[in-house]
Amino acid sequence: MLARKSIIPEEYVLARIAAENLRKPRIRDRLAKARFIAKSGACNLAHKNIREQGRFLQDIFTTLVDLKWRHTLVIFTMSFLCSWLLFAIMWWLVAFAHGDIYAYMEKGGMEKSGLDSAVCVTNVRSFASAFLFSIEVQVTIGFGGRMMTEECPLAITVLILQNIVGLIINAVMLGCIFMKTAQAHRRAETLIFSRHAVIAVRNGKLCFMFRVGDLRKSMIISASVRIQVVKKTTTPEGEVVPIHQLDIPVDNPIESNNIFLVAPLIICHVIDKRSPLYDISATDLATQDLEVIVILEGVVETTGITTQARTSYIAEEIQWGHRFVSIVTEEEGVYSVDYSKFGNTVKVAAPRCSARELDEKPSILIQTLQKSELSHQNSLRKRNSMRRNNSMRRNNSIRRNNSSLIVPKVQFMTPEGSTPES
C-alpha cells in the first residue's frame, strides 16, 4: 500500500523483499544425522508399539529399578500407605464383626477394665483408631494404648499376615532404593572421554586416537576398551541395514587387552586393512555417514559392581592431523595430571590421503614429513628474525630516550659583555 501511495518507490520495495527472501534460511542440503550413542553415553533409541507390556511386570524388581526417581518415590510411599489402609479396613471389620465398636459406644461411661478383656483389640472405636493400630503393628511402634487380646483367633491371623506383608514390602522397596543409588552408571559419571578424536601418524601408521580418564582415585579393575563403527550399509542383495556394527581392534601391547587406568590414557587404533577406516581420506571423512562408538568396561574397586561408560564420535568430531597434548608431568617426585588440557590438541603433520594410499605409496609420508620440517624451519627463521627486529627497535628507542636526557649547555651574560661558559 505504501508503494501505491507513492510514499516509497516501488523499485525499492521489490528490492527489499528480494533481499529479505535471500536472508531467510534455506532447507539444509544435509540433515543432521541422529546419533546412536549420545556424548553422555545414553542410547538414542525409542521403543515403540510394544504389544506385550506384561513382560515388564514379570520382572517387577528390574522395572522398579529402571523407573525414574520421582516414580520410584511415589510407588515407595503408596505401597506403605495402601498396606496400612488395607489392614486398617481389616482391623475395623474384625472389630465390627466382633461387636467391639458397639460395645464401646454403649458402655462408654463404664469402667474399661472389664470391657477391654472382652474385645479383640483394645481402644479400637473407629476407623481412625483402626488405621493408627495398623501403622503401629506394621512399623512396630507400640505406643501401648492399643493391643491384642486372646479373645479373637481371627485377629491373631490378621496380625501375622500384616507382619509378613510388611516385611516383604520393606525388603522389596529398600532393595530397590539401594540398587538405584548404587547403579553402575553412577560410577561412569566420573569416567570421561575427550570431546574429539584425532587421526595422526604414530610409528609410521595412520592411527585413530582418543583420550580416556578417571576422575576418582579409586580404580577401575580389569578395565577394557572396545570400539565399534556404526553406519548404514546396503548388502549386495539390496537389503538396507540401518545399524551395521563393525568391531575395531585396539592397539594394546598387553596380551590380556586390559588397561591400567591410573592416569588418562590415549587409546590408539591402527588404521590397517582390517579397519573400516582404511579407505577413508581426510576429504572423504567430512562426507562419511558413520559413528565410532567407544565402550569402557570394568569392575568398580570399592563396590565390586561392573560398570560401563560409553561415548561416540561422528565424522564432524574427528580431527585429521591433530595430536593430544601431554597432560602428565612429574613434580617433586609425584606425577601430576592437568585435566584443564584433557581434550586439547595440536596440529601436526599428517598425510591427507587414506591409509590404503599410504600403504601403496610410502613416499607420501616421507614427503609430508619433509614439508613439515621445512615449514617448521621457516617458522623458526621468521620467529628469530622477528625477535631480532624487535630487539633492534627496542635498542633504538632506548638510545633515543638517552639522547633526549642529555643536559644542554647554558651561557650566562656578564656586565662587561663577556660570556663565560659553565
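On a predicted model such as this, the values are computed, not experimentally measured, just so you know.
Between Val119 and Val124, every side-chain heavy-atom pair lies at or beyond the 4.5 Å cut-off. Looking at Lys231 and Thr233, their side chains come closer than 4.5 Å, going by heavy atoms from C-beta outward. Taking 4.5 Å as the limit, some side-chain heavy atom of Phe80 sits within range of a side-chain heavy atom of Asn170. Ile248 has its side chain within reach of Pro276: a pair of non-hydrogen atoms, C-beta onward, lies under 4.5 Å apart. Inter-residue side-chain proximity for Arg202 and Ile266 is flagged as met; some heavy-atom pair is nearer than 4.5 Å. Side-chain atoms of Phe87 and Val137, non-hydrogen and from C-beta on, never get closer than 4.5 Å to each other. Contact annotation: the side chain of Ile192 never approaches that of Val212 to less than 4.5 Å [non-hydrogen atoms, C-beta and beyond]. Put simply, the side chain of Phe76 does not reach to within 4.5 Å of the side chain of Cys176, judged on heavy atoms.
Atom CG in Leu285 sits 10.5 Å away from atom CD1 in Ile314 (nearest 0.5 Å). The CD1 atom of Ile168 sits 12.5 Å away from atom OG of Ser79, with the distance rounded to the nearest 0.5 Å. The CD1 atom of Ile169 lies 9.0 Å from the CD atom of Gln162; values are rounded to the nearest 0.5 Å. Interatomic distance, Ile89 CD1 to Trp84 CH2, rounded to the nearest 0.5 Å: 15.0 Å. If you take CD1 on Ile221 and CZ on Phe260, they are separated by 10.0 Å, rounding to the nearest 0.5 Å. For the atom pair CD1 of Ile156 and CG of Leu159, the computed distance is 8.0 Å after rounding to the nearest 0.5 Å.
At distances below 3.5 Å, at least one donor-acceptor pair connects side-chain atoms of Lys180 with backbone N or O atoms of Leu67. A donor-acceptor pair under 3.5 Å is formed between the side chain of Thr122 and the backbone N or O of Met147. Put simply, the side chain of Lys39 gets close to the backbone of Ser312: a donor and an acceptor are under 3.5 Å apart. Between the side chain of Arg310 and the backbone N or O of Ile37, no donor-acceptor pair lies under 3.5 Å. In this structure, Gln288 contributes its side chain and Ile280 its backbone to no donor-acceptor pair below 3.5 Å. A donor-acceptor pair under 3.5 Å links the side-chain atoms of Trp320 to the main chain of Pro351, judged by distance alone. Looking at Ser275, its side chain never comes within 3.5 Å of a backbone N or O of Asp272 through a donor-acceptor pair. Although no hydrogens or angles enter the test, the distance criterion places a donor-acceptor pair under 3.5 Å between the side chain of Asn44 and the main chain of Arg35. At distances below 3.5 Å, at least one donor-acceptor pair connects side-chain atoms of Thr149 with backbone N or O atoms of Cys120. At least one donor-acceptor pair closer than 3.5 Å links the side chain of Thr181 to the backbone N or O of Phe178.
Taking both residues in full, the closest heavy atoms of Ala223 and Leu296 are given as CB-CD1, 4.2 Å, listed atom of the first, atom of the second, then distance. The minimum heavy-atom distance linking Phe342 with Phe324 is given by the pair O-CD2, 4.2 Å. Here the closest non-hydrogen pair linking Ser129 and Asn123 is CB-O, 3.7 Å. Scanning all heavy atoms of the two residues, the minimum distance from Asp338 to Ser340 falls at OD1-OG, 2.6 Å. In this structure, Ala188 and Gln308 approach most closely via the heavy-atom pair CB-O, 3.5 Å. What you find for Tyr313 and Arg195 is that their closest heavy atoms are CE2-O, 3.6 Å.
Take Glu301 and apply the salt bridge (Lys or Arg N to Asp or Glu O under 4.0 Å) test, not counting sequence neighbours, and it matches no residue. Contacts of Arg146 classified as salt bridge (Lys or Arg N to Asp or Glu O under 4.0 Å), with partners at least two apart in sequence or in another chain: Glu136.
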Assess the residue pair Asn203 and Lys205 against the criterion (side chain to side chain contact (heavy atoms under 4.5 Å, CB included)); give the C-alpha distance rounded to whole Å, side-chain angles, the decisive distance to 0.1 Å, and a yes or no.
CA-CA 6 Å; Asn203 298 326; Lys205 296 287 185 180; 5.7 Å; no
Please test Val229 against Phe208 for side chain to side chain contact (heavy atoms under 4.5 Å, CB included), starting from the C-alpha separation and ending with a verdict.
CA-CA 12 Å; Val229 170; Phe208 173 86; over 6 Å; no
For Tyr278 and Leu358, what are the C-alpha separation, side-chain angles and deciding distance, and is it a side chain to side chain contact (heavy atoms under 4.5 Å, CB included)?
CA-CA 10 Å; Tyr278 189 59; Leu358 189 62; over 6 Å; no
Evaluate Val165 against Gln138 for side chain to side chain contact (heavy atoms under 4.5 Å, CB included), listing each step before the verdict.
CA-CA 9 Å; Val165 172; Gln138 188 161 335; 5.7 Å; no
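Heavy-atom contacts from other residues, nucleotides or ligands closer than 6.0 Å to CD of Glu150 number 12 or fewer. Shown here is Phe96, whose CZ atom has no more than 12 heavy atoms of other residues, nucleotides or ligands within 6.0 Å. Annotation for Tyr339: atom OH counts as buried by contact number, over 12 foreign heavy atoms lying within 6.0 Å.
Thr345 pairs in a side chain to side chain donor-acceptor pair (under 3.5 Å) with only one of the listed residues (His322, His196, Gln319, Arg211), which is Gln319. Considering Asn258, Leu191, Thr190 in turn, Leu191 is the only one that fulfils the side chain to side chain contact (heavy atoms under 4.5 Å, CB included) rule with Ile220.
Counted by atom type alone, Ser281 and Glu357 present zero donor-acceptor pairs between their side chains at under 3.5 Å.
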